[in-house]
Protein chains: 2
Amino acid sequence: MTQMGNSQKRSRNLEDIAARAGVSRSTVSRVINHDPKVSDKTREKVWAVIEQEGFSPNPVARALATNRTNVIGVVIPHSPHITFEDAYYFPTLLSGISKIANKRGYSILLWLRQSEDDERNFHRRIVSNRLMDGLIIASPPQTYSLIDHFLEANANFVMVERPSHHADIINYVTIDNIEVAYAAVSHLVNLGRCRIGTITGNLTITDGVDRFEGYKQALLDGGLTFDNELIYEGNFSYQCGYDGIKALLDKNIDSVFTANDISARGALHALHEAGVRVPEDVAVVSVDDLPTAVQVTPPLTTVHHPIEKKGEHAASILIDLIEGKVSKTQHVVLPTELIVRESCGAYLNVEN
Amino acid sequence: MTQMGNSQKRSRNLEDIAARAGVSRSTVSRVINHDPKVSDKTREKVWAVIEQEGFSPNPVARALATNRTNVIGVVIPHSPHITFEDAYYFPTLLSGISKIANKRGYSILLWLRQSEDDERNFHRRIVSNRLMDGLIIASPPQTYSLIDHFLEANANFVMVERPSHHADIINYVTIDNIEVAYAAVSHLVNLGRCRIGTITGNLTITDGVDRFEGYKQALLDGGLTFDNELIYEGNFSYQCGYDGIKALLDKNIDSVFTANDISARGALHALHEAGVRVPEDVAVVSVDDLPTAVQVTPPLTTVHHPIEKKGEHAASILIDLIEGKVSKTQHVVLPTELIVRESCGAYLNVEN
DNA sequence: TATCTTTGTGGGAGCGCTCCCATTTTTATA
DNA sequence: TATAAAAATGGGAGCGCTCCCACAAAGATA
């Protein structure tokens, strides 16, 4: 009975452990924090009690004392880029972030803005929540008051994608979207395609603009003229790919560059319905290399987008920043690679 | 200069605000917490200072004092069910959770287990992280030591999907997977199909088992005999749908029930390659109603799976539990609905 | 005007840590 | 053995809140 009463009472804090181990609160704290200034004998004694009691220190109290929480925030605004149609982007990014966070002992506080949430309120809640040591902001729209706020507050944050303003003083991780599009379109040019249409992404987003820019450059460098007729302004969605191709088919294209795989899928669907052969009649090239890129017919030639790596780098930079391991502004541009499959007929040409 | 020095110094805590407003720390606390026992005059005076200083109370200190953080945890184990192939499930669930969390003033701490993370360590970190008032555990594998631990610790948690053990004392939100499969297969039966194959989900997961069970019941109730030849054991993946259909085609099926839309897509792909007409030669029915269900050819007849609603209910129950608004064990079974499109030929039959 | 309520306000104690300085104990050196 | 230096330990103060009790001020009742 007495024994039971004894073992029932779990140790709640350092003081309890200290009492049980016959040392002081401070010594227990030192043991837990791996302070070398503790004798081996004491350390063992204290660890034994800690293990036996299954004790772990209260992170809230620790946070109050140290002003550090070991939590990083991830803000996912409800932007057109991250719709649930492209449900792949966001979990993959998160997976990369989580990989590094887990490794370095950080937890992730997730801020998902719902379409019905008021933006001001959403921001206010993030800003006043001081449970985080730093933030990763994923693909924000062009104007984004949060960023100004954090900049002003001199807070630790890293953006995924290149910011449209203050890019020089903001930490970010991105790919070179111009180059990505350039590589894709050049591939078409090299295969002899000359009426190359495009279904653009959202042109209010840096990524969309950059990919469109790369398209234009590749055409020019390939000796082709840029033709406004061959542009269909889309928004990264399946639907715009589907609608876009119908519009472009009238313009007699022999190939199309879609700004992402989702819209490429829409395009492929429409092409199939129209009885147009891919790649023989119209070649399709895209960006992202989603898992579905190999599930469509024909398998999609697309530029691989290292989404998970983006998350890893963003988390890594942020934690370095938090821990004071780096101080100057960090810019990371990850390499990309054109994955040649069958939707452009590259292999057919080689065989000729 | 003096003025600047003055305005530069942001108020850090209640005491600062109190000093500026000429009241005590306690009164400021009362104002912030909407305690009615404050005179209107004082309240206004204090609010004015708070607004002017842009002050918000430190949540860490508050958490230490109240033993409540207003944070809920979401654990996503790296289970076969939630692979990134079905990237839709997890963000959608999260979206539902976030919707309610935002509304009720809670933040979300996300625990994503990476394949390389050690399970014990992962659990240990969650358990010792007392930054959360409660947890939502999404689709765990059958044995899941976390659950036992939380059960033992008498912690607040809600599972998404029906747990395999202790279901009577665990809060959960789910759909009736037996009924779901039953509805799908009965649809085929009613359309006169009689050689109905199935590509099952992962049979180590409750959902997979239940859907298989529903398939069997529907066959029996439909006056058909259950034939082992027509079963292909899959795992919810695209690949198993693809492979499964090839195996089943040899068995002369006239229709197939796939355990989810992802595997249905794989099946459709293989069917198309094999030159088999859908729905004329083989009808396909599935579960989930992902956005891609309307993007395939033909559009998929499938049972709608209210994933986002699951998240909403789970969050809602958890927060009720935390706030003491409910005490007894909560079990929610959400309704589902068969969405008839073209992959089973229902409309064709109607026209006949 | 005296007394009892009611309403409003202030400040101590405490949440469980860390940090720092003072003190004790041990070890090295003369 | 005396003394200096180094290593180990203890405990106060403080992080910024909330909670509670004591008290002051204002209003109601006799």
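To find a chain, count down the sequence lines: A is the first, B the second, and so on, and within it residues start at 1.
- Using a 4.0 Å heavy-atom criterion, one finds that A:Asn67 contacts no nucleic acid atom at all.
- Rounded to a whole Å, the CZ atom of A:Arg30 is 8 Å from the C1' atom of D:dG10.
- Among the heavy atoms of the strands lying under 4.0 Å from B:Arg12 are primed sugar atoms or P, OP1, OP2 only; no base atom is included.
- For the pair B:Thr27 and C:dG8, the criterion of a side-chain N or O lying under 4.0 Å from OP1 or OP2 is not met.
- The side chain of A:Ala65 lies closest to C:dG16 when the candidates are D:dC17, C:dG16, D:dA8.
- Of the candidate nucleotides D:dC17, C:dG10, C:dG8, C:dG10 has the atom lying nearest to any side-chain atom of B:Ser24.
- Among the protein residues, A:Ser26 comes within range of the nucleic acid bases, having at least one heavy atom under 4.0 Å from a base atom.
- The side chain of B:Asn13 contributes no N or O atom lying less than 4.0 Å from OP1 or OP2 of D:dC15.
- Between the P atom of C:dC17 and the CD1 atom of A:Ile50 lies a distance of 10 Å, rounded to the nearest Å.
- In this structure, the side chains of A:Val23 and A:Lys45 come closer than 4.5 Å at one or more pairs of heavy atoms.
- Distance CZ (B:Arg62) to P (D:dC17): 8 Å, rounded to an integer number of Å.
- A tilted orientation is assigned to the rings of A:Phe90 and B:Phe90, their planes being inclined by 30° to 60°.
- Rounded to whole Å, atom P of D:dA7 lies 14 Å from atom CZ of A:Arg43.
- Between the side chain of B:Arg25 and the base of C:dT9, no donor-acceptor pair of N or O atoms lies under 3.5 Å.
- The phosphate of D:dC19 has neither OP1 nor OP2 within less than 4.0 Å of any side-chain N or O from B:Ser29.
- A distance-only check finds no donor-acceptor pair linking the side chain of A:Asn33 to the backbone of A:Val28 [under 3.5 Å].
- At the phosphate of C:dG8, neither OP1 nor OP2 sits under 4.0 Å from any side-chain N or O atom of B:Thr42.
- Counting to the nearest Å, the C1' atom of D:dC17 and the CG atom of A:Leu131 are 14 Å from each other.
- Closest-nucleotide positions on DNA chain C for A:Val60 and B:Lys37 were compared, and the one nearer the 5' end corresponds to B:Lys37.
- For B:Asp35 and D:dC17, the CG to C1' distance is 15 Å, given to the nearest whole Å.
- Residue order along DNA chain C, read from the 5' end via each residue's closest nucleotide, puts B:Asp40 first among B:Asp40 and B:Leu64.
- Atom-to-atom, CZ of B:Arg68 to P of D:dG16 comes out at 22 Å; the value is rounded to the nearest Å.
- Between the CG atom of A:Asp16 and the C1' atom of C:dG16 there is a distance of 10 Å, given to the nearest Å.
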| message | Under the criterion side chain to side chain contact (heavy atoms under 4.5 Å, CB included), I'd like the reasoning laid out for A:Asn171 against A:Met159: C-alpha separation, chi angles, the key distance, then a yes or no. | response | CA-CA 6 Å; A:Asn171 307 289; A:Met159 284 182 54; over 6 Å; no
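- Looking only at distances, no side-chain donor or acceptor of A:Thr69 sits under 3.5 Å from a matching main-chain atom of A:Ala63.
- Looking at A:Arg130 and B:Val60, their side chains never come closer than 4.5 Å, going by heavy atoms from C-beta outward.
- Dashed line: the shortest gap from a side-chain N or O of A:Thr66 to OP1 or OP2 of D:dC15 is not under 4.0 Å.
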